[in-house]
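Remarks on the structure that follows.
Small disclaimer: the values here were computed from a predicted structure and weren't measured.
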Amino acid sequence: IEAADRIQEGLEAFEIALGLAWLFSDLPVWFPTTGLLALYTLGIAINLLRGRVHISCGCGFGKSGGSGDALHPGLVIRNVVLMLAAAVAA
């Protein structure tokens, strides 16, 4: 569990850095953004195919902070749209 916590913290820091780079940098951040989204999408898709839909994705907003959000196919579609948007925004 300790290693998983470290990975989670590292991903959170990477997400924040990407967000700041989109706002304040001229670097081509679309590539790492789509790569990270692709990894998340792959993980979601694998778990959906295995029938593990009751896993909280942690990707919601608002009061719950995503803690009660179960996996569903719409997340895969949303992530693909976000990857396309990131590529177009570049």
**Request:** Please check if Trp30 and Leu27 belong to a single hydrophobic cluster, counting links between Ile, Leu, Val, Met, Phe, Trp and Tyr side chain heavy atoms closer than 4.5 Å.
**Result:** yes
**Prompt:** Are the side chain of Ser25 and the backbone N or O of Trp22 linked by a donor-acceptor pair below 3.5 Å?
**Reply:** no
**Fill in**
Between the CZ atom in Arg50 and the CD1 atom in Ile55, the distance rounded to the nearest 0.5 Å is 9.5 Å
**Item:** Joint hydrophobic cluster, Tyr40 plus Ile7, side-chain heavy atoms closer than 4.5 Å
**Value:** yes
**Asked** What are the two closest heavy atoms between Leu71 and Arg52, and how far apart are they?
**Response** CD1-O, 3.4 Å
**Request:** Only one of Glu2, Gln8, Glu9 passes side-chain hydrogen bond (donor to acceptor under 3.5 Å, both in side chains) with Arg6; say which it is.
**Result:** Glu2
**Message:** In this structure, would Phe31 and Leu37 fall into the same cluster of hydrophobic residues linked by side-chain contacts under 4.5 Å?
**Reply:** no
**Request:** Please round to the nearest 0.5 Å and tell me the distance separating atom CD1 of Ile77 and atom OG1 of Thr41.
**Result:** 11.0 Å
**Gap between atom CZ of Phe14 and atom OG1 of Thr33 - 0.5 Å precision** = 7.0 Å
**Message:** Please tell me whether Leu36 and Leu42 are part of a single hydrophobic cluster in this structure, the criterion being side-chain heavy atoms less than 4.5 Å apart.
**Reply:** no
**Complete:** All heavy atoms of Thr34 vs all of Met83, minimum pair found to be CG2-O, 3.4 Å
**Asked** Looking only at heavy atoms, what is the nearest atom pair of Val29 and Ala21, with distance?
**Response** CG1-CB, 3.3 Å
**Message:** Under 4.5 Å between side-chain heavy atoms, counting indirect links through other Ile/Leu/Val/Met/Phe/Trp/Tyr residues: same cluster for Leu84 and Leu82 or not?
**Reply:** yes
**Prompt:** When rounded to the nearest 0.5 angstrom, what is the spacing between CD1 in Ile44 and CG in Leu49?
**Reply:** 12.0 Å
**Message:** Nearest 0.5 Å, please: how far is CG in Asn47 from CG in Leu75?
**Reply:** 11.5 Å
